[in-house]
Amino acid sequence: MGVAGGYCAGKNAVVELLRERGYQEIDVDRVGHEVLELPEVRRSLAGLFGPEILAASGAVDRRALGRRVFSSRGELRRLEQVVHPLMVQRVGERIRATSGPVVINAAILFRMDLQRMCDLVMCVRAGLLRRLRRAWRRDRCGPLSALRRILSQRGICPKSRLAGVDTYYVGNNGTLAALRARVLAVVRQKGIGTR
């Protein structure tokens, strides 16, 4: 199963509910952090974006890189061309090495074409103001910075049924109990991942 959703929509809350049901999580953000540690990736990114995206230690400074790529769709695409193929490869390896139900936690699951590895996908949605408040509470992220991140992820969940996988849209504008009920309804309907 895959869980996708924009910045502060509640994707991680859905994944946590699935973990409680016995799913093993593959966190694609963590996979991305691992890929950024690879020497060849650091060299490639420094060549593309300049040495200012590296910390004094030589590691990729994710904040500096984020400031650079979230302000330009073209720059974001350049980053994705370097890191996404390696990330997809690692996700596939982890799925093959795991027994039992798996949930791929990836905001941009469809952009990375990871839906091909899923039997179904839940796309988590929440209203803009709610997402901005969550960004402030969770990350102390100001409204302009949060809005830039949100806009950089436009179109991450397909609006049509042409995604090639069963796709369920889960609204997360209410309480955790309401979200739990929606998620468990999908799990029960599909008869998957129960223990």
Side-chain angles (χ1 to χ4, degrees), residues 1-42 44-45 59-60 62 79-126 134 138-139 149 153 155-172 174-195:
M1 176 183 303
V3 176
Y7 179 63
C8 288
K11 171 179 62 67
N12 291 334
V14 170
V15 169
E16 184 56 35
L17 293 170
L18 293 169
R19 286 174 47 136
E20 291 172 8
R21 302 289 295 180
Y23 280 80
Q24 296 180 58
E25 177 187 7
I26 299 174
D27 184 334
V28 176
D29 280 346
R30 279 196 202 117
V31 172
H33 296 172
E34 293 168 12
V35 166
L36 289 177
E37 293 174 8
L38 298 171
E40 64 273 19
V41 171
R42 289 195 310 252
S44 180
L45 294 180
V60 173
R62 293 195 323 264
L79 170 66
E80 291 172 347
Q81 289 172 349
V82 172
V83 297
H84 282 184
L86 295 167
M87 293 169 67
V88 170
Q89 177 184 343
R90 287 183 176 217
V91 168
E93 290 167 357
R94 289 185 184 165
I95 289 171
R96 287 187 292 278
T98 304
S99 62
V102 173
V103 58
I104 301 173
N105 179 351
I108 57 172
L109 185 122
F110 288 96
R111 190 182 295 169
M112 294 179 71
D113 209 24
L114 289 170
Q115 81 280 0
R116 292 180 303 112
M117 300 179 188
C118 302
D119 52 356
L120 71 94
V121 174
M122 288 189 206
C123 287
V124 186
R125 294 179 169 170
R134 288 176 183 159
R138 188 185 78 189
D139 300 334
R149 284 180 178 239
Q153 295 177 336
I156 59 174
C157 285
K159 294 187 186 329
S160 72
R161 295 288 179 199
L162 301 176
V165 64
D166 285 344
T167 305
Y168 295 83
Y169 300 91
V170 179
N172 185 23
T175 65
L176 184 58
L179 179 64
R180 177 185 302 274
R182 287 184 195 101
V183 169
L184 294 183
V186 172
V187 169
R188 279 192 297 272
Q189 178 185 350
K190 296 301 282 187
I192 54 175
T194 57
R195 58 175 176 163

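Because the structure is a prediction, the values reported are computed rather than measured.
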Do the non-hydrogen side-chain atoms of [X] and [Y] ever get within less than 4.5 Å of each other?
X: L109; Y: V28; answer: no
X: Y168; Y: M1; answer: no
X: M117; Y: V88; answer: yes
X: E16; Y: L176; answer: no
X: H33; Y: R62; answer: yes
X: L120; Y: V186; answer: yes

Shortest non-hydrogen contact between [X] and [Y], atoms and distance:
X: V165; Y: C118; result: CG2-O, 3.4 Å
X: P101; Y: G22; result: CG-O, 3.6 Å
X: R42; Y: E37; result: NH1-O, 2.7 Å
X: Q115; Y: D113; result: NE2-OD1, 2.8 Å

Quick check: are there more than 12 heavy atoms from other residues, nucleotides or ligands sitting under 6.0 Å from CZ of R30?
no

Heavy-atom donor-acceptor pair, [X] side chain to [Y] backbone, under 3.5 Å:
X: N172; Y: A9; result: yes
X: R90; Y: V31; result: no
X: R182; Y: G171; result: yes

SB check R96 E93 (cutoff 4.0 Å):
no

Rounded to the nearest 0.5 Å, how far does CG of D27 lie from NZ of K11?
6.5 Å

Report the C-alpha separation of C157 and T167 in whole Å, then their side-chain angles, then the decisive distance to 0.1 Å, and conclude whether the side chain to side chain contact (heavy atoms under 4.5 Å, CB included) test is met.
CA-CA 9 Å; C157 285; T167 305; 6.0 Å; no

Would you check, one step at a time, whether the test side chain to side chain contact (heavy atoms under 4.5 Å, CB included) holds for V183 with L18?
CA-CA 8 Å; V183 169; L18 293 169; 4.0 Å; yes

Any chance you could lay out the side chain to side chain contact (heavy atoms under 4.5 Å, CB included) test for L36 and L45, step after step, and finish with the verdict?
CA-CA 9 Å; L36 289 177; L45 294 180; 3.4 Å; yes

Under 3.5 Å, is there a donor-acceptor pair between the H84 and R111 side chains?
no

Quiz question: by atom type and distance under 3.5 Å, do the side chains of N12 and N105 form a donor-acceptor pair?
yes

Test I104 against I95 for side chain to side chain contact (heavy atoms under 4.5 Å, CB included), laying out the working first.
CA-CA 9 Å; I104 301 173; I95 289 171; 3.6 Å; yes

